[in-house]
Each structure stands twice: as C-alpha cells, then as structure tokens.
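Right, one structure below, let's go through it.
Treat the numbers as computed from the prediction; the structure is a model and nothing was measured.
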Amino acid sequence: MPRKLVRIPLPGTVPAERAVLLVAGDDRPFALCGAWAGSRAIVGSRPTRTAPPFTALAEGRPDFHPDTGGQPGQPEESVTEVIGGGWFGVLPFPLGREVERTGPPPPRPTPSPPSLMRFHDHVLRLDAKGQWWFEALWTEERAGELRQRREELAARLARGVGEAGEVETSAWRSVPGAEGHAAAVQTARERIIAGDLFQANLTIRLESELREGSPAEVFVRGVEALRPDRAAFVGREGGAVISLSPELFVERKGRTVRSAPIKGTAADEKTLRASAKDKAENVMIVDLVRNDLGRVCVPGTITVPALADPRPHTGVWHLVSEVEGTLRDDATDADLVRAAFPPGSVTGAPKVAALDVIAELESTGREAYTGAIGFASPVAGLELNVAIRTFEVDGERIWLGVGGGIVADSDPRAEAAEAATKAAPLLAAIGATLAPPRRRPRSAPSPLRRGPRPIPRPDPAQGVFETILARDGEAQRLDDHLTRMTASLTELFDAALPGETRNLVERAAAEIGDGRVRLDARPDGTLLIETGALRARATSILTPVCVPGGLGPHKWADRRLLEALGEGALLVDLDGLVLEAAYANVVIVEGEELVTPPRDGRILPGVGLAALAAREEPIDLDRLARADAVLLVNALRGVWAVRGELPLLTSAGSRPPLR
C-alpha cells in the first residue's frame, strides 16, 4: 500500500537527553540521541513488524510522497532532515559470522536473543532547533492507529518527563583482569610480528549487577554526562542495549556513503598527535574501510576527506578519519552493510585474520558490543553507529566491553591501561566503581601461538556427544547424560532428542555388557550410536595451557583444539584460574573439603562430579599448588589423583616478558 510522509509539529520541551523516558514504558522502545539525521533525538516504540537485519536492509524503497499532514505553513522542502519511520535496531557482533567465515567465538555468558530489526511507521523527532515533530509513513490502513498514537504522544510531551531516577550497580569486575589482558595483547603482538596479521582489536568485558534504576535511566545518565554523537537505546525483553558511542559506522544519504572510523585514544591532544602507534592504527583501518566500501561503490569514487584527525570526546581524545564513496545503483543497504560488517575499527586488519585472533584471545563472546545500532529509512537513508561504549542489560546483569587496537609496537600494560581509561567516564556517568583487581599467579601461562592461524574453538555445526559407561549391560547415570545433552541441543540448535533415544542407548549398553556407549547428536537431528571398549585412564601429568574463557558447557564433537592441546592439558584462563582438564573435571582436596571450579558457563558440567558433592569456588594455580591433593573426575574413568602421591604439575612453554 502506498505510503505518504506526514509531519505534524507538537508542543513540548522535553530535552533530548530524557527523550527515551517518553516511550520507556512501551513495547520495544528505542531512542537515538546526538547527531542522528541532523536531529537532537528520535524516539519510538510499538513496531508493526520485525525481520532479520539483512532482510530488513534489503527491503526496497517504499513509495511515499511528502505531505504536511493537514498543517498549513509547513514547507515540503524541509523533509531533508526528516525520518518519518523505517527499520530500527541492533546488528550484533555475532552477525559477522553470516558475512565472514571465521572461527567460533568464546563462550557467551549471556547470549542475546535472535537479532531482529523492527519497522516503526511513526516516530517522535526533536529537530536541531528544539521543535518536536510527530512523523509517520502514513497509510490509510493504519490511519486510525496513527491518529490515536499521535494524540497519545502529544499528551506525553505536554505532561513532560521528570529527571531520571538513581542508578546503582555493584562493584564492576573485569574479565580478564589487567594482567590477563596484557597477556592476550602479548600473544597478539607475537602473531603480528610473525606476519599473521597487521592489527587486532582486543577487548575486556566489565560485569556487574544493576541493583537500582532501569535501563532507560542508565541511558539518560550516560547521555547527560557524556553527550555522545551516536547514542542509542534499544529495549528488549528483560533488558536493553545502551550505546553511548561517538563513532559513525556507515551512513548513506542518497547514493553517497560515509564512514568515520575512530582509532587511537589518549587523554590529551598533544599526546595523541605525537603517537606514531596511534596514527599507524588509524591508517591501517582507513585502508580496510576503503577496501570495504570499494566492494559496493562506483570505482574511483572512494575518497578520504579526513585522515587521523585528533578530535575531543568526553574524557578522551580520539583520532578520527572519514571515508566516502558513491554507492552503485544496483547495491542495497544490505549489500553496503555486508561489505563493511563487522566494523573495521573494532576488528583489525586483515579483517578475517583479526576475527580469528579475537575468537582465540578474548575471554567472552561479544554480543551487541562492536556491532552496530541505528536505522534504515526510506526518507532519511541509512545511519549506523559502531556499538562501542555500550552497556548491555539482561535482568539484573549489566556488562560493558572496552578495548583497543593492537599493533606490533603495542605495550601490553599500556593497552590494559587504555581500556581502563575508556571505561572510566562511562562508569563515572552512572556512579559505578571497579572492584579490586584479581592478582594473576606468576605461574599462569599465556596463550601460545601454535601456527599462522589459530586452531579454532569447537564448531557447533559438528554437534555434541555423550560417552556413557556400560556396566553389566546397564547404562550408568543415563538420566544425567541425557539431561546434559538435551540442554546443549536446546541452547545451541533449539532442538530436542528423539523420543526413542533412551531405548536405543539402553539396548546398546545391554549388547556390549561392559564398555562405553557413544551418543552423537547433530544439528540436523541425526543421531548416531556406537559402542566400544573402555580406554586406559588419561595421563596423570598435567600441563597448564591458557584457553581464554574456556570451551563452554557443551561436550563438543569437534575435538581439534583439545587434540592439539594434548590429553594432559590443564585448561586455565587469562587470569590463571583453573577451568578443567582436557578430558576431566578438576577437584582439589583441602583438608576434608573438596573444591571444584564453578560451573559458570565456561566448563563442561561433569556428570561424575555430582557424586563428590564438591564446593564450587574459583581456584587459581597458586591455590592448586597448595592443595593437599588434586583429583581428576570423568564419568567413564572415575576419579584419580594427579598430586599427593603424584606431584607432577608442570608448566608449558616459555614466553618473553611483558613490556
């Protein structure tokens, strides 16, 4: 049905920083504040439909024509800074795996819901002069609802909104800590020096609990304190994405496209101008962005109007560049975003190599952070930010990613300090504080470079499996094994085990008598069962190896990384915390107490652990070394000691000292 652009001025004095409060209580609200489409604020809620991001962005330009909505004296030529409506939402970082073939990410502590953009056929907009407008992509089919909605929003504007309420969070924890991040940076440097890539952007995740205040109030506090150019709020069930970003990812007006990558950060302009390292970071990413835009732009139209220009932002200075081009006539917004996503300034160069290193060295999988947020409008074109300086909320959990670009001459400890510098104004804006850092044991290993490309983490596409002990023809702890596999299938593939699974396993156990039954489940629903003899108990010699963030709570069929690490690998994180052994859970004995690492989504919840009733607590390598005994627990092989009578804990590899 043809649409027409309707614009109606509304009285009201609600400031841009608090505009989100006009819609915060509605279904699926959003707010954009700063410099979006030449406006101070754009807010909306109650979308009419949803679609996956690339489906939404590929949608053709709907037919519409300007209309004054029956209001005399509103010139039709003033639509150049109008939104009207369109698709709004988040393009999260994991969407990049639909664009580039890269290794699986680290475990994601709080996986986001499936990414969907939302179509809003009306918005409230505060223009650059301070005038509020009700704008709609009007259809006769929706005329009644749009009139009612205009009256409702006009009444809210007339009432106004108060100040945001207080926001309180618990002390924020860093994952990894500064020393752990420095170790990851050192490994990235080794890869760069070896020629694997030129630059990688590595990040830290800060985590806390939102004890008081709503996500909308967090957004208001942040916008009031920082005044970012590309602030965005997107509400979702149980939480929100709260971006206080200063960075433009990509903008399309007509056929002109522009990107403004930020690389390089310092506390003052003089330091930033003098930093050859920061300029090198920036120039590399400019070349990357030129290449990305060149995939969909008319040849010869790519220009760089600004290169490594120092510009002030709240609390810090950044080097900002601008890259422009003319989009080909046959290219859609979806083509443009596919060509450039994920943003180069938060990945590295070459992009695919950098994405693999990010997956190898970061401790948690990214969510909305370092993706993009914004809109695609048939009136105003396309605008997306880079989702940095971004809080994410799920229930009471709140987290924030910070990081920076690593090049050959990066100083690992300086990079950790830069991440803290970036986080400081964000935490200050909401009155938050950092918890004391965890001390990293001196014996903690760093990630090792094992070849030109990282050995990928387990690929979910290969499925999951269980190995079940058969004794006297009966499958041992079968309920526990099937419960664990069902949880994995539900989380990973939204699938379930076939109803006959139990009978098939029991029949296989009865046929073998004593041995093992292996049950493989694939994403396509294929179920494979095989039997075999029990293998000899695993080695009692453990070698600590660093696997940032661990391998997650699933028994992966893809064992490439574990096989490369070796059967005697003791997996630890960047902070030197024990995770698990390659083929068993770890338990330490302290007096009469049994202690095991927490089941926090980074390790396999072992079936054999239940019988031991061990207390869950963090265990670092120093605590492991002091324990009275160290036990390994495996549902097939039982429990055996690797310390006490067998004090055989060794360390892997030698590393150059951190600078």
Side-chain angles (χ1 to χ4, degrees), residues 19-33 36 41-57 85-96 98 105 108-124 164 167 169 205-210 213-223 230-245 249 337 341-342 364-376 384-401 430 490-491 494 601:
V20 67
L21 300 178
L22 290 166
V23 295
D26 289 350
D27 178 45
R28 289 172 287 183
F30 79 86
L32 306 176
C33 296
W36 296 89
I42 304 158
V43 301
S45 59
R46 301 179 189 171
T48 58
R49 54 195 172 106
T50 61
F54 290 125
T55 300
L57 294 172
W87 292 99
F88 295 79
V90 179
L91 284 69
F93 185 80
L95 193 66
E98 295 185 20
R108 296 160 62 189
T110 313
S112 298
S115 55
L116 295 172
M117 295 193 78
R118 308 161 181 172
F119 188 82
H120 295 259
D121 64 359
H122 66 283
V123 298
L124 275 180
V167 170
T169 60
R205 180 174 171 130
L206 303 178
E207 299 179 338
S208 183
E209 293 80 34
L210 184 58
S214 68
E217 288 168 323
V218 173
F219 182 69
V220 172
R221 294 292 184 189
V223 173
R230 300 286 168 179
F233 174 94
V234 179
R236 59 191 185 196
E237 185 176 355
V241 177
I242 302 159
S243 182
L244 304 171
S245 174
F249 168 37
V337 174
F341 194 86
T364 59
R366 305 181 189 183
E367 300 292 343
Y369 171 65
T370 63
I373 307 173
F375 68 82
L384 297 170
N385 77 1
V386 178
I388 56 174
R389 315 293 198 272
T390 297
F391 295 98
E392 298 176 66
V393 180
D394 182 67
E396 293 183 352
R397 298 185 70 168
I398 182 169
W399 64 96
L400 166 72
I430 62 171
T490 300
E491 178 180 334
D494 194 23

Under a 3.5 Å distance rule, please check whether Glu392 uses its side chain to pair with a backbone N or O of Ala368 as donor and acceptor. yes
Evaluate side-chain contact (heavy atoms from CB on, under 4.5 Å) for Thr110 paired with Trp399, printing each intermediate quantity in order. CA-CA 10 Å; Thr110 313; Trp399 64 96; 3.6 Å; yes
Rounded distance (nearest 0.5 Å) linking atom CG of Leu244 with atom CZ of Arg221: 13.5 Å
Starting at CG of Leu400, measure out to CD of Glu207 and round the result to the nearest 0.5 Å. 10.5 Å
Is there a side-chain contact between Phe249 and Leu91, using heavy atoms and a 4.5 Å cut-off? no
Check: Glu98 side chain, Leu95 main-chain N or O, donor-acceptor pair, under 3.5 Å: no
Can you tell me if CD on Glu209 sees more than 12 non-hydrogen neighbours from other groups inside 6.0 Å? yes
Please confirm whether the backbone N or O of Ile373 pairs with a side-chain atom of Asn385, one donor and one acceptor, at under 3.5 Å? yes
Where is the tightest heavy-atom contact between Ala31 and Val43, given as atom of each residue plus distance? CB-CG1, 3.7 Å
Test salt bridge (charged side-chain N to carboxylate O under 4.0 Å, His left out) applied to Glu367 - qualifying residues, sequence neighbours left out: Arg108
Please determine whether side-chain contact (heavy atoms from CB on, under 4.5 Å) holds for the pair Val220 and Val20, giving the CA-CA distance in whole Å, both sets of side-chain angles, and the decisive distance to 0.1 Å. CA-CA 8 Å; Val220 172; Val20 67; 3.6 Å; yes
If we only count heavy atoms from C-beta on, is the Val241 to Phe391 side-chain gap below 4.5 Å? no
Atom of Pro53, atom of Ser115 and distance for their closest heavy-atom approach: CD-O, 3.4 Å
Ala41 to Ala19 - nearest heavy-atom pair and separation: CB-CB, 4.0 Å
Please test Val393 against Val218 for side-chain contact (heavy atoms from CB on, under 4.5 Å), starting from the C-alpha separation and ending with a verdict. CA-CA 10 Å; Val393 180; Val218 173; 5.7 Å; no
Would you please test Leu22 and Leu124 for side-chain contact (heavy atoms from CB on, under 4.5 Å) and show each step? CA-CA 9 Å; Leu22 290 166; Leu124 275 180; 4.2 Å; yes
Backbone N or O of Ile388 within a donor-acceptor pair of the Thr390 side chain at under 3.5 Å? yes
Minimal non-hydrogen separation, Leu32 against Ala232, with atom names: CD2-CB, 3.6 Å
Taking all atoms of both residues into account, what is the closest heavy-atom pair of Ala387 and Ser243, and its distance? CA-OG, 4.0 Å
Only one of Met117, His122, Arg28 passes side-chain contact (heavy atoms from CB on, under 4.5 Å) with Pro47; say which it is. Arg28
Stepwise ring-ring contact (aromatic ring centres under 6.0 Å, His included) test for Phe375 and His120: CA-CA 10 Å; Phe375 68 82; His120 295 259; over 10 Å; no
Work out which heavy atom in Ser245 is nearest to a heavy atom in Val386; give both atom names and the distance. OG-O, 2.7 Å
Does a salt bridge link Arg46 with Asp27, judged by any charged N lying under 4.0 Å from a carboxylate O? no
Name the orientation class of the two ring planes belonging to Phe30 and Phe88 (parallel below 30°, tilted from 30 to 60°, perpendicular beyond 60°). parallel
Taking the six-membered ring of Trp87 as reference, does the NZ or CZ atom of Arg118 fall below 6.0 Å from its centre and within a 45° cone about the axis? no
Could you state the interatomic distance from CD1 (Ile430) to OG (Ser208), rounded to the nearest 0.5 Å? 7.5 Å
Separation between CG (Leu384) and CZ (Arg230), nearest 0.5 Å, reads 9.5 Å
Say you draw a straight line from SG of Cys33 to CZ of Phe233; how long is it, rounded to the nearest 0.5 Å? 10.5 Å
Measuring from atom CG of Leu116 to atom CZ of Arg49, what distance do you get when rounded to the nearest 0.5 angstrom? 12.5 Å
Could you check if a side-chain atom of Arg397 sits within less than 4.5 angstrom of a side-chain atom of Pro109, using non-hydrogen atoms only? yes
Less than 4.5 Å apart, any side-chain heavy atom of Glu396 and any of Leu210? no
